[in-house]
**Q** 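One structure coming up, written as structure tokens, with questions to follow.
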2 protein chains.
Amino acid sequence: MLNLKQDHSTLVVLSVLADGPSYGYAITKAIAAKSDGHFKLTASGMYPLLTKLEKQGLVTTSWEEVKAEGADPDASGRKRKWYTLSPKGRRQLDKHIEAHKQMQHLLDNFLAPTATATSTNT
Amino acid sequence: MLNLKQDHSTLVVLSVLADGPSYGYAITKAIAAKSDGHFKLTASGMYPLLTKLEKQGLVTTSWEEVKAEGADPDASGRKRKWYTLSPKGRRQLDKHIEAHKQMQHLLDNFLAPTATATSTNT
DNA sequence: TCAGATATATCAGAACTCGATATATACATC
DNA sequence: GATGTATATATCGAGTTCTGATATATCTGA
């Protein structure tokens with residue numbers, strides 16, 4: 001079980017929201033499912049991050065009541081805070097993906113089997 | 001210019017040392033060169049990390065004097081602290097590489113082109 | 001002599017991490 | 001109706017990490 005750091009969390013959360021609006025609890029479940037149970041983003045990591053994304057204008061939010069089946073329509077039940085990826089957020093996701101790919105590419109130079117500097121022609 | 005975080009720093013530093021012993025200043029230069037000038041690991045990130053690696057037994061160290069050309073052999077000149085990858089460090093490097101590859105693999109699930117959330121229907 | 005490169009190292013304010021805690025509803029089972 | 005588990009959002013705080021600034025000292029070339 002790998003705890004995600006902010007960089008990866010941001011990438012992953014924006015990616016999940018690119019599939020459509022969602023809310024905190026569902027996002028944590030989606031991340032666990034999509035990573036085959038390997039990624040873990042707990043509430044204490046998720047909510048501060050979502051608040052940050054909102055402040056940066058990458059997501060927009062709205063509250064919605066969760067009506068229980070056959071519940072009194074006037075009763076106030078549990079609430080969900082929905083997060084929707086904004087156009088700015090989508091552009092940011094693209095940037096994050098690009099940056100991630102560049103990072104991977106650059107790291108490849110360090111992951112190669114320790115070459116004994118043989119022939120390296122250009 | 002990307003500042004490296006500890007996870008990546010560790011991977012990259014151990015990787016550089018896998019090519020042979022080196023010292024702090026040279027490692028920062030090697031990282032910059034190997035990453036085509038994109039990775040930056042400053043002194044304030046490098047030395048605490050090297051100390052940590054030493055404490056963990058991943059590297060062994062030794063001081064060596066840098067003799068100036070034609071200098072008095074008895075004069076005490078500038079010193080270098082050399083870092084050598086230990087067998088434990090090499091195993092740790094392998095583990096880091098493996099973990100990194102798994103992370104990449106898992107992240108792929110989130111980087112795939114999002115179905116068509118940019119819905120075209122009106 | 002002066003500037004810039006080499007070389008190691010710490011400091012401190014800021015940011016981040018993450019288990020624990022708080023609050024509340026929903027639902028199945030006993 | 002009590003009990004436990006899942007759903008749902010959110011903050012706290014001790015510990016760790018990050019990073020520009022600072023300190024110290026040597027070497028090299030103009």
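Order of the sequence lines fixes the chain letters, A, B, ..., with proteins taken first and strands second; residue numbering starts at 1 for each chain.
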**Q** Separation of B/E64 atom CD from D/dT26 atom P, in whole Å?
**A** 18 Å
**Q** Rounded to the Å, how far apart are B/H8 NE2 and D/dT17 P?
**A** 16 Å
**Q** Distances for protein N/O vs nucleotides 5-11 of chain D N/O pairs under 3.5 angstrom?
**A**
from	atom 1	to	atom 2	distance (Å)
D/dT7	OP2	A/Y25	OH	2.3
D/dT7	O5'	A/Y25	OH	3.2
D/dT7	O2	A/R78	NH1	2.6
D/dA8	OP1	A/R80	NE	2.8
D/dA8	OP1	A/R80	NH2	2.3
D/dA8	OP2	A/Y23	OH	2.8
D/dT9	OP1	A/K81	N	3.1
D/dT9	OP2	A/G24	N	3.4
D/dT9	OP2	A/Y25	N	2.6
D/dT9	OP2	A/Y47	OH	2.9
D/dT9	O5'	A/Y47	OH	3.3

**Q** Measure CG/A/L2 against C1'/C/dC18 and give the value in whole Å, please.
**A** 15 Å
**Q** Quickly work out the B/F39 CZ to D/dT19 P distance and round it to whole Å.
**A** 14 Å
**Q** When you check the gap from the basic side-chain N to the acidic O, do A/E54 and A/K81 get nearer than 4.0 Å?
**A** yes
**Q** Can you tell me the distance, in whole Å, between the CG atom of B/L41 and the C1' atom of D/dC18?
**A** 11 Å
**Q** Against A/K40, only a single residue in A/N3, A/T28, A/L2 fulfils side-chain contact (heavy atoms from CB on, under 4.5 Å); can you say which?
**A** A/N3
**Q** Rounded off to whole Å, could you give me the CE-to-C1' distance for the B/M46 and D/dA21 pair?
**A** 18 Å
**Q** Please tell me if the side chains of A/D7 and A/K5 come closer than 4.5 Å, counting only heavy atoms from C-beta onward.
**A** no
**Q** Hey, is B/D19 close enough to B/K34 for a salt bridge, meaning N to O under 4.0 Å?
**A** yes
**Q** Can you check whether A/K52 has a side-chain N or O nearer than 4.0 Å to OP1 or OP2 of C/dC16?
**A** yes
**Q** How many Å lie between CD on B/E65 and P on D/dT26, as a whole number?
**A** 11 Å
**Q** If we ignore angles and hydrogens, is there a donor and acceptor under 3.5 Å between the side chains of A/Q6 and A/K52?
**A** yes
**Q** For C/dC16, does either OP1 or OP2 sit under 4.0 Å from a side-chain N or O belonging to B/K5?
**A** no
**Q** Within the 4.5 Å heavy-atom criterion, are A/S22 and A/L17 side-chain neighbours or not?
**A** yes
**Q** Roughly, in whole Å, what's the span from CG in A/N3 to C1' in D/dG15?
**A** 15 Å
